[in-house]
Amino acid sequence: MIDIKLLREDPDTVRASQRARGEDAGIVDQILAAEEQRRSSLTAYEQLRAEQKSIGKDVARAQGEEKQALLARTKDLSARVKELDASATAAQQEFDTLLKRVGNIIEPGVPSGGEDDYAVREIIGTPRDFAAEGFEPKDHLDLAEGLDALDMARGAKVAGSRFYFLKGVGARLEMALFNVAMQQAVAAGFVPMITPTLVTPQVMAGAGFLDAHADEVYRLEADDLYLTGTSEVALAGYHAEEIIDLSNGPIRYAGSSTCYRREAGSYGKDTRGIIRVHQFNKIEMFVYCDPADAAAEHERLLGWEQQMLANIEVPYRIIDTAAGDLGGPAARKYDCEAWVPTQGRYRELTSTSNCTTFQARRLGTRFRDADGRTQVAATLNGTLATTRWLVAILENHQQPDGSVVVPEALRPFLGLDVLTPTR
RNA sequence: GGAGGCGUCGCCUAGUCCGGUCUAUGGCGCCGCACUGCUAAUGCGGUUUGGGUUUAUCGCCCAUCGAGGGUUCAAAUCCCUCCGCCUCCGCCA
């Protein structure tokens, strides 16, 4: 949720942000009208309510006929107060509904447009030339099956399409990767967290995942809970309705969780292997900080992602996601995309978003600034490792015989230098 | 799953039985001022959060006693539902 004060004082910035996202700029005027309505009906209610309370005190003191007269008056008043209360509540709801439809104000410099209008910020490393090496690279599924590291067929048997078993060295590789990620996070001062993967509707909505992403989310109707698609959700809810202490700098959490995504509307896309699956694991960085520090913290998160990507030694690029592809809560988003040789293109491995105060405002997470006043905190998130990283590791480090060289940084955690095919 | 107890503005706590004078008591902590050679002690004042009004301030008003409903002219207080914590019983990885 954006700041109504900003919308009131600088509606043009909000309109420009909406246009860059390809969304309705006209909503700004609707909100201003609804806000006007909200305030006037609230004032009307409060005035009458004050009168009612004041007469209430007289009632308590009065006796006999005087008391009866006051009671008659205040009975009538009571009914009118109820009416005004109802209309003030309705105006507030109308206003809230409209305000929640506005995405976060994009940061200056974010490219306008949709999914394909990203700007490439940097390209790191060079893809291997398999032709020059004299062999055709296998895709991650062929490699993993050769290593007996992945069982898609039985995943489908047990849970349906887009489910899988990581097996043997596949399971070990993921655990090694996650251990490296957690070790790095702890060294950087992050507090490790293993989070709930089921959350209440309030938390899911507060984190911003019931707006545009509602189709993506699994819901457990019998219990009125949602399965989270990232530990960001639980970590955003962690300090909901709290005033947190940021006087010692940002609070940084490294969340580890299984992630669940319905992948609705992606039928036929990425059906091979574990690029796009309903369930995977992830280590996620999540930060609460002073909004004034948020842009700098965003760069730091990107830096930690890059440090982690360097550990797996794959070529990748960094893109500055276009406004229309940001999702509601993000003001800016950088994705790191690794080169996938058999696809001849870059695929997302990490994503770091600066949500500024958007999430925290809705969740009620505030801090005390230097003047002792409460202010809405900023939240940011970024990926440190996911199951999908295995795709990039396997494909980029494969050898002609189907074996895979283990990146140096993973070896101490995996206990293997090379993964060798079993068939 | 069953029975009982509890939930008050940072922490502790009074108030709930019996609705109105609660503008929620007191202590601790914290902040400011005064006093003091310094510290301590002492005294005085302040100290939930959100919103409205005004906006340079002061101020005034509304809401907030776990959450949401209800009864009533009036609810921390009475009723209902839910949540959380504690104790006991039952069941079970």
* To do: Using the P atom as the reference point in each nucleotide, state the distance between B:A56 and B:A74 in Å, no decimals.
  => 39 Å
* If pairing requires Watson-Crick or G-U wobble contacts with both distances under 3.5 Å, which nucleotide is the partner of B:G20? -> B:C73
* Asked: The side chain of A:K53 lies closest to which of these nucleotides: B:C62, B:G52, B:G50?
  -> B:C62
* **Counterpart base for B:C44, defined by Watson-Crick or G-U wobble contacts under 3.5 Å** => B:G32
* Look at atom CG of A:L6 and say whether more than 12 heavy atoms of other residues, nucleotides or ligands are closer to it than 6.0 Å. => yes
* **Contact under 4.0 Å: A:T374 side-chain N or O vs B:G50 OP1/OP2** => yes
* In whole Å, what separates the P atom of B:G43 from that of B:G52? -> 40 Å
* Asked: Does CZ belonging to A:R411 count more than 12 external heavy atoms closer than 6.0 Å?
  -> yes
* Considering only the P atoms, how many Å lie between B:C17 and B:U87, rounded to the nearest integer? -> 29 Å
* Mind calculating the distance between CZ (A:F367) and C1' (B:U49) to the nearest angstrom? => 16 Å
* Asked: Could A:R19 and A:D12 be called an ion pair, given the rule that one side-chain N must be under 4.0 Å from one carboxylate O?
  -> no
* If the C1' atom of B:C73 is compared with that of B:C82, how far apart are they to the nearest Å? -> 29 Å
* With rounding to whole Å, what would you report as the distance between B:G50 and B:C11 at their P atoms? -> 16 Å
* Side chain of A:S78: nearest nucleotide among B:C61, B:A63, B:C73? -> B:C73
* Does the side chain of A:R38 get closer than 4.0 angstrom to OP1 or OP2 of B:G52 through an N or O atom? -> yes
* Asked: Touch check for A:R80, heavy atoms < 4.0 angstrom, all strands: base, sugar-phosphate only, or nothing?
  -> nothing
* Structure fact -> Out of B:U49, B:U53, B:C61, minimum distance to the side chain of A:R368 belongs to B:U49
* For B:C22 and B:C31, measure between their C1' atoms and round to the nearest Å. => 26 Å
* Asked: Tell me: CD of A:Q92 to P of B:G50, nearest whole Å?
  -> 15 Å
* **Of A:E51 and A:T74, the one whose closest RNA chain B nucleotide lies more 5'** => A:E51
* Describe the nucleic acid contact of A:Q52 in one word from base, sugar-phosphate, nothing, applying a heavy-atom distance below 4.0 Å. => sugar-phosphate
* Nucleotide opposite B:C11 in a Watson-Crick or G-U pair, distances under 3.5 Å -> B:G27
* Structure fact -> Whole-Å distance, A:E241 CD to B:G84 P, equals 17 Å
* To do: Provide the Watson-Crick or G-U wobble partner of B:G37, both distances under 3.5 Å; none if there is no partner.
  => none
* B:C61 OP1/OP2 closer than 4.0 Å to side-chain N/O of A:T43 -> no
* Asked: Looking at the side chain of A:K57, which of B:A63, B:U23, B:U53 is the nearest nucleotide?
  -> B:U23
* B:A63: pairing nucleotide in any strand, Watson-Crick or G-U under 3.5 angstrom -> B:U49
* Asked: Say you pick atom P in B:C35 and the same atom in B:C30; how far apart are they, in whole Å?
  -> 22 Å
* Distance test, side-chain N/O of A:R39 to OP1/OP2 of B:U53, below 4.0 Å -> yes
* So what does A:L77 touch, heavy atoms closer than 4.0 Å: a base, only the sugar-phosphate, or nothing? -> nothing
* Structure fact -> As its Watson-Crick or G-U partner within any shown strand, both distances under 3.5 Å, B:G4 has B:C86
* Any donor-acceptor N/O pair, A:T365 side chain to A:H239 backbone, under 3.5 Å -> yes
* For A:R366, answer base if it contacts any base atom (sugar-phosphate contacts may also be present), sugar-phosphate if it contacts only those atoms, and nothing otherwise; contact means non-hydrogen atoms under 4.0 Å. => sugar-phosphate
* Check A:V180, A:V406, A:I393 against A:I312 for a side-chain contact (heavy atoms from CB on, under 4.5 Å) and give me the one that passes. => A:I393
* Asked: Hey, are A:R38 and A:E35 close enough for a salt bridge, meaning a charged N less than 4.0 Å from a carboxylate O?
  -> yes
* Could you measure between the two C1' atoms, the one in B:G27 and the one in B:U8, and give it in whole Å? => 15 Å
* To do: Please determine if A:R332 and A:D320 form a salt bridge, counting it only when a charged side-chain N lies under 4.0 Å from a carboxylate O.
  => yes
